[in-house]
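Presented below is the structure to which this report refers.
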Amino acid sequence: MGVRFAVLFLDLDRFKSVNDSLGHAFGDKLLQSVSQRLLTCVRASDTVSRQGGDEFVLLLAEQKGAGEAASIAAKILAALTLPHWIDGHELITTTSIGISLYPEDGDNPEALIKSADTAMYHAKEKGRNNYQFYKDEMNLHLVERQQVEASLRRALDHEEFTLHYQAKVNLDTGMITGAEALLRWRHPEWGMVAPARFIPVAEATGLILPIGRWVLGEACKQAKRWLDLGLPIGAIAVNISAIQLRQEDFVSRVKAILHQTGLPGRHLQLEITESVLMADAAHNGTVLQQLKDIGVQWAVDDFGTGYSSLSYLSQFPIDVLKIDHSFVSSIETGPHDGIIASAVIGMGNNLDLCVVAEGVETWAQVEFLRQRHCDEAQGFLFSHPIPSDAFAKLLVAGPPRLAA
Ligand code: C2E
Ligand code: MG
Ligand code: MG
């Protein structure tokens, strides 16, 4: 393998408000404190530079791959969340990180920094205090973005959205325990548009609110239909974006949808990402509890990509931890990721949470997960996300066979 390295683009979250409220001299000291912390997270062969303002660029030399860059990013997020003491004030700050890899995301420094910068914006949109790897689809040109936005505005009225359902499987019994509802957009000219391409636009424009309400209503309606047919659907999981969770009437809207569709709360599971959960602990704690009181379950999605401690997680009434697929996909390849997957399973078991591995594609991964007492798995190995009628057949036919 040739030389590999990674570029991390960091931007402090809400730094402007520190500067505005406490003054520039104070802001400068905070930046110094942040630089010191950054230096403790990297090796001597790596380079840390200030890009201007509250932005930093890190060049990580001799990378073994994405897993290693991810673990350094996680380490930085953790190091930066510890309080800074400045002139007798305790200050907490978080950061958003974008990551690009050489050679796949750019073949020169400028291109790599630009890709990492794009990924950093994505991390901000995902609710801050997290890291994101650069993906080609993030680099939507403004024109394409505007086209997506214009088409998205019509998509709801024109009934271009549909939901696909992906099974979750109990790793002991092989039984289907539920399904995750995943949004699909059938554009009249472009064909199927992947969520990664339009959800960021929907979030940036606020269109995620009406779209998210439609998803929730549709998923609950479908789950109720399956229950009425006597199909053992378990809980239907719906992804909730940060913007939806922040809405003041979020709780009452969910309750209204459950009421209208007649779906009992215990058959609904809401998925939020780790970074969204962490972003506003006080508010989220209340929202989670209010829905938990009527039986709704909460799952933390893409777990392992942010930084949550055991004590932090235990503050919230959470039921499920979903291990991010990046840690599952490299179980066999990098010893490092096997360790993260094991640690998440251990943490979930200690907290008495149901642990679900996402993106399971091989039996070797299943074996690894079972040995570590991971409860459930979701992935192409068992079923792709499929339309509702196909999913109903899967429920009738019974669970996919697990290896002995
Ligand atoms: P997610 O919630 O983590 O969903 C799991 C994603 O992993 C899905 O991608 C699924 O198709 C994919 N996946 C499942 N099994 C495998 C596997 O074995 N291998 C691989 N490589 N991938 C697998 P999808 O459907 O493209 O959705 C991407 C993301 O878009 C979701 O990630 C979720 O964050 C977001 N999303 C999807 N539907 C909704 C929605 O209704 N509302 C919101 N707010 N976000 C949504
Ligand atoms: Mg999900
Ligand atoms: Mg996920």
Side-chain angles (χ1 to χ4, degrees), residues 66 122-123 125-127 130 132-133 135 137-138 152 155-156 160-169 178-186 192-220 222 235-247 250 254 257 268-277 297-306 319-332 356-366 369 376-387 391 400:
H122 215 71
E125 282 184 356
K126 284 247 166 177
N130 73 105
Q132 295 294 323
F133 280 93
K135 293 185 197 119
E137 59 260 29
M138 286 176 180
L152 263 182
L156 264 182
E160 291 167 13
F161 289 119
T162 179
L163 292 181
H164 280 187
Y165 298 87
Q166 189 178 31
K168 282 185 285 175
V169 173
E180 177 171 5
L182 292 158
L183 186 57
R184 297 291 178 261
W185 179 18
R186 237 188 255 115
M192 275 292 191
V193 189
R197 206 171 136 206
F198 69 87
I199 296 230
V201 182
E203 288 182 332
T205 53
L207 283 167
I208 194 70
L209 292 173
I211 296 173
R213 284 198 288 276
W214 178 85
V215 171
L216 204 55
E218 186 64 22
C220 291
Q222 183 57 260
I236 192 96
V238 176
N239 293 287
I240 301 295
S241 101
I243 298 156
Q244 288 174 276
L245 200 68
R246 258 185 255 132
Q247 286 288 296
F250 178 72
V254 174
I257 287 172
L268 177 65
Q269 191 174 96
L270 300 178
E271 294 192 3
I272 50 174
T273 63
E274 185 181 1
S275 47
V276 169
L277 178 70
Q297 301 166 31
W298 287 95
V300 183
D301 206 352
D302 305 346
F303 191 78
T305 57
D319 306 277
V320 177
L321 277 192
K322 299 188 80 175
I323 311 175
D324 189 62
H325 62 82
S326 61
F327 302 116
V328 174
S329 67
S330 38
I331 276 175
E332 297 142 282
V356 182
E358 299 190 274
V360 173
E361 293 182 358
T362 69
W363 289 113
Q365 290 164 356
V366 168
L369 295 164
E376 296 180 7
Q378 178 181 344
F380 296 165
L381 181 66
F382 303 107
S383 170
H384 280 254
I386 47 180
F391 190 79

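Read the numbers this way: they start at 1 and go in the same order the structure lists the ligands and their atoms. Nothing fancy with the numbering, it's 1 onward along the sequence.
- Residue-ligand proximity, Ser241 to ligand 1, at heavy-atom distances under 4.0 Å covers atoms 44 (N).
- Using a 4.0 Å heavy-atom cutoff, His164 is absent from the residues neighbouring ligand 1.
- Residue Glu361 places at least one N or O, backbone or side chain, under 3.5 Å from an N or O of ligand 1.
- Across Phe391 and Ala179, no two heavy atoms sit closer than the pair CZ-CB, 3.4 Å.
- The N/O atoms of Arg184, backbone and side chain alike, include one that comes under 3.5 Å of an N/O atom in ligand 1.
- Counting heavy atoms under 4.0 Å from ligand 1, residue Ile199 touches it through the side chain alone.
- The proximity of Asp302 to ligand 1, defined as any non-hydrogen pair under 4.0 Å, is limited to the side chain.
- Atoms of ligand 1 found under 4.0 Å from any heavy atom of Gly379, numbered from 1 in the order shown, are 15 (N), 18 (O).
- Considering backbone and side-chain N/O of Glu358, one or more are found under 3.5 Å from N/O of ligand 1.
- Using modelled atom types and a 3.5 Å distance limit, the side chains of Gln166 and Gln378 yield a donor-acceptor pair.
- With a 4.0 Å cut-off on non-hydrogen atoms, His384 does not touch ligand 1 at all.
- Contact detail for Gly359 and Gln365: the closest heavy-atom pair is O-OE1, 4.0 Å.
- Numbered from 1 in the order shown, with element, the atoms of ligand 1 that lie under 4.0 Å from a heavy atom of Gln166 read 14 (C), 15 (N).
- Annotation: salt bridge (charged side-chain N to carboxylate O under 4.0 Å, His left out) contacts of Glu203 (sequence neighbours excluded): none.
- One of the N, O or S atoms belonging to Glu180 lies under 2.8 Å away from the Mg ion (ligand 2).
- Within the set Val328, Thr273, Leu163, Val215, the minimum heavy-atom distance to atom 41 (O) of ligand 1 is found for Val215.
- Ligand 1 is never approached by Glu203 to a heavy-atom distance shorter than 4.0 Å.
- Every N/O-N/O distance between Ala181 and ligand 1 stays at or above 3.5 Å.
- Rounding to 10 degrees, one finds that the Mg ion (ligand 2) sits at the corner of an angle of 90° between Glu271 OE1 and Asp301 OD2.
- For ligand 1, the polar-atom distance check against Pro195 finds no nitrogen or oxygen pair separated by under 3.5 Å.
- Put simply, part of Pro385 is less than 4.0 Å from ligand 1, judged by heavy atoms.
- Ring geometry for Phe198 against Trp185 counts as perpendicular: the plane angle is over 60°, on a 0 to 90° scale with 30° as the lower cut.
- Classification of the Phe250-Trp298 ring pair by plane angle, with boundaries at 30° and 60°, yields tilted.
- Here Asp302 fails the criterion, with no N, O or S atom under 2.8 Å of the Mg ion (ligand 2).
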